[in-house]
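Heads up, the thing below is written out as structure tokens.
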2 protein chains.
Amino acid sequence: MNNETIKVACSNCNVRELCMPIGLTIEELSRVDELVAMRRPVKRGATLFRNGEKFTSLFAIRTGFFKTCVTTEDGRDQVTGFQMAGEIIGLDGIVNDQHTCDAIALEDAEVCVLPFDRIEEISREVNALQHHVHKIMSREIVREHGVMLLLGSMRAEERLAAFLLNLVQRMQARGFSKSELVLRMTREEIGSYLGMKLETVSRAFSKFSEDGMVEVKQRHVHIKDAEGLKRIVNSQLCH
Amino acid sequence: MNNETIKVACSNCNVRELCMPIGLTIEELSRVDELVAMRRPVKRGATLFRNGEKFTSLFAIRTGFFKTCVTTEDGRDQVTGFQMAGEIIGLDGIVNDQHTCDAIALEDAEVCVLPFDRIEEISREVNALQHHVHKIMSREIVREHGVMLLLGSMRAEERLAAFLLNLVQRMQARGFSKSELVLRMTREEIGSYLGMKLETVSRAFSKFSEDGMVEVKQRHVHIKDAEGLKRIVNSQLCH
DNA sequence: CGCCGCATTGACGTTCGTCAAGTCTAGTGG
DNA sequence: CCACTAGACTTGACGAACGTCAATGCGGCG
């Protein structure tokens, strides 16, 4: 009804349970609300932060979809992750006070800006927040272990199957279908993340499609046989 | 001189500047000393912690050399890192209160046991420690980005060159030679870390040797042309 | 001295990258 | 409303890089 200079507050945010600790007392909750300095819209294709930029804040994704990627001087490029609502990005910037990767919106998005010094300050008073921050960073480390496993020991189809299952599982945790999926990234970006070429991604999609495990229509993916995909991931085709 | 039930203290530890924050006041330093619950020797081949074990502590490596690896139920296996003196391991355990990988000593080692609840407690009082913990976790995230880049976009020889340069650079930071290297891991473990087979590792070593960039004798590696290796890493052989 | 695990090397096969041609779709402008 | 275009995607043919399998060499330890 009334126009809203949307009150910035975690306490009534719909992705709260994804990015904030649970079981806070009322007063703790109001302290945590102070974390969010502002909200910031990010247009599709725009960068939220870029390699080399000064680090000041973490970002909690309220809506939208991002990719993060690292680049080397010699032009190598690697997507290190895809992030969706409720996830925190920018953790890479803490260690040297500057970001070491680019974060780019793959669809129109909105993020909460969380100044890191404020996070540290409030963490000292609210134990649950302190532990939550540690868990978020640990979770990212564990996730990356999984990616290393995927890149280091899986073949193309196994990688894509694992990727699709992971995506759909995260969507499901956000209340979306566990069989219907709209990819926000190109084949090339998927390939970069999975360490393979876009043609190989495309072929793997076609293969799954032939085998009746998914229906693929451009970026629309319908997963008809999640169990089949799981078998692919765990197949260890040889040995 | 006198026999030592070695006093457990960071303040006079020789790898302090590697694992502890710098610029602490005297009283802060004494608080930080309380972090170390005990020291624990780990024999070569022994596991410091294992996937599934309850997480209680981080470990700071005083001496020795470790590998960490993740395993899947279907028997896939991936070395996620090699850790040496001054580095902290166990961060993966925070998120779910249990370890998600195995840590195995590749040579006789000694670690400091840092109970994590004590870390959190003292972090609240000593800001420098709080920030240091954040930096350590962020550093690990950034390191893993680098591994993802390596696994996702480099060819075999580029990976091995990058690996050798990274190892020697870390050894140098610890006061060792920047050209002389004793590998503590097998070809197979190197291969697992780099996402390639042990034979491919061996062939890459032989290639470097033929090209006069290194001398290899089993696990002894002499780096004769670090610049050459750097060129390999940045070569982008095709394109 | 002999064994065993690790490492090297060679021959061959598979997977995936490369290059190229062609198709589909969404978006734009007449 | 339709035609046109650019970018994304698919598919095929071929080759390079790496994995696989197997034989052999080497060094350390009991």
Side-chain angles (χ1 to χ4, degrees), chain A residues 44-45 67 76-79 106-108 150-161 163-164 181-211 214-221 232 235-239, chain B residues 43-45 67 76-79 104 106-108 150-161 163-164 181-211 214-221 232 235-239:
Chain A
R44 176 192 155 122
K67 70 169 177 180
R76 239 187 271 267
D77 197 4
Q78 170 84 21
V79 172
L106 296 181
E107 61 179 4
D108 288 356
L150 180 147
L151 290 172
S153 78
M154 291 187 187
R155 341 163 119 257
E157 289 175 17
E158 296 167 348
R159 295 182 197 188
L160 186 64
F163 172 72
L164 289 175
L181 198 55
V182 179
L183 303 174
R184 302 265 107 106
M185 70 295 277
T186 67
R187 300 290 190 262
E188 185 167 21
E189 286 162 334
I190 296 174
S192 173
Y193 181 58
L194 299 179
M196 51 208 249
K197 296 287 139 173
L198 69 95
E199 293 95 332
T200 308
V201 175
S202 184
R203 275 185 249 271
F205 269 124
S206 302
K207 180 65 164 39
F208 292 166
S209 192
E210 283 166 29
D211 295 353
V214 301
E215 273 168 17
V216 186
K217 205 164 191 185
Q218 301 293 118
R219 304 211 175 168
H220 293 262
V221 178
I232 297 265
S235 63
Q236 292 278 66
L237 290 179
C238 321
H239 276 222
Chain B
K43 280 262 167 256
R44 177 192 153 121
K67 70 169 176 180
R76 241 187 270 265
D77 197 5
Q78 170 84 21
V79 171
I104 295 166
L106 296 180
E107 60 179 5
D108 289 354
L150 180 147
L151 290 172
S153 78
M154 291 188 185
R155 346 167 117 252
E157 289 176 17
E158 296 167 347
R159 295 181 198 189
L160 186 65
F163 171 72
L164 289 175
L181 198 53
V182 179
L183 302 175
R184 302 263 107 107
M185 69 296 278
T186 67
R187 300 288 189 263
E188 185 167 20
E189 287 163 334
I190 296 174
S192 172
Y193 181 59
L194 299 179
M196 52 209 247
K197 296 287 138 173
L198 69 94
E199 293 93 333
T200 308
V201 175
S202 185
R203 276 184 247 270
F205 269 123
S206 302
K207 180 65 163 39
F208 292 166
S209 192
E210 284 166 30
D211 295 354
V214 299
E215 274 167 18
V216 186
K217 206 164 191 186
Q218 303 291 118
R219 304 211 177 167
H220 293 261
V221 178
I232 296 265
S235 64
Q236 292 278 65
L237 291 178
C238 320
H239 275 220

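A note on names: the letters A, B, ... follow the listed sequences, proteins ahead of strands, and every chain is numbered from 1. Since this is a predicted model, take the numbers as computed values, not measurements.
One atom, CD1 of B/Ile190, and another, C1' of C/dC6, lie 12 Å apart when rounded to the nearest Å. C/dG17 atom C1' lies 15 Å from atom CZ of A/Arg76, rounded to whole Å. With rounding to whole Å, A/Glu158 atom CD is found 12 Å from C/dT15 atom C1'. Distance, A/Leu151 CG to D/dC18 C1': 16 Å, rounded to whole Å. In this structure, CZ of B/Arg184 is placed 16 Å from C1' of C/dC6, rounded to the nearest angstrom. Between the NZ atom of A/Lys197 and the C1' atom of C/dA20 there is a distance of 16 Å, given to the nearest Å. In this structure, CG of A/Leu160 is placed 12 Å from P of C/dC16, rounded to the nearest angstrom.
Evaluation of the ring pair (Phe, Tyr, Trp, His ring centres under 6.0 Å) rule for A/Tyr193 yields A/Phe82, A/Phe163 as partners, not counting sequence neighbours. For B/Lys43, the salt bridge (Lys or Arg N to Asp or Glu O under 4.0 Å) test picks out B/Asp108, with sequence neighbours left out. Shown here are the salt bridge (Lys or Arg N to Asp or Glu O under 4.0 Å) partners of B/Arg184, two or more places apart in sequence or in another chain: B/Glu107.
The two residues B/Met196 and B/Ala156 have their closest heavy-atom pair at CE-O, 3.7 Å. In terms of heavy atoms, A/Ala161 sits closest to A/Ile232 at CB-CG2, 3.9 Å. The shortest heavy-atom contact between B/Ile104 and B/Gly45 is CG2-O, 3.8 Å.
Axis angle between the ends of the helix from C/dC1-D/dG30 to C/dG30-D/dC1, five pairs each and rounded to 10 degrees, works out to 30°.
Going from atom CG of B/Leu106 over to atom OG1 of B/Thr186 covers 8.5 Å, rounded to the nearest 0.5 Å.
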- Note on the structure: Per-nucleotide protein contact along nucleotides 9-14 of chain D, 5' to 3', at a 4.0 Å heavy-atom cut-off (B base, S sugar-phosphate only, - neither), is SBBBB-
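Using a 4.0 Å heavy-atom cutoff across all strands shown, A/Gly195 reaches sugar-phosphate atoms only and no base atom.
Within the structure, salt bridge (Lys or Arg N to Asp or Glu O under 4.0 Å) pairs that include any residue of residues 188-201 of chain A comprise A/Lys67-A/Glu189 (at least two apart or interchain).
When the shell of 6.0 Å around CZ of A/Arg219 is examined, it contains more than 12 heavy atoms from other residues, nucleotides or ligands.
Each of A/Lys217 and A/Met196 has a nearest nucleotide on DNA chain C; the 5'-most of these lies closest to A/Met196.
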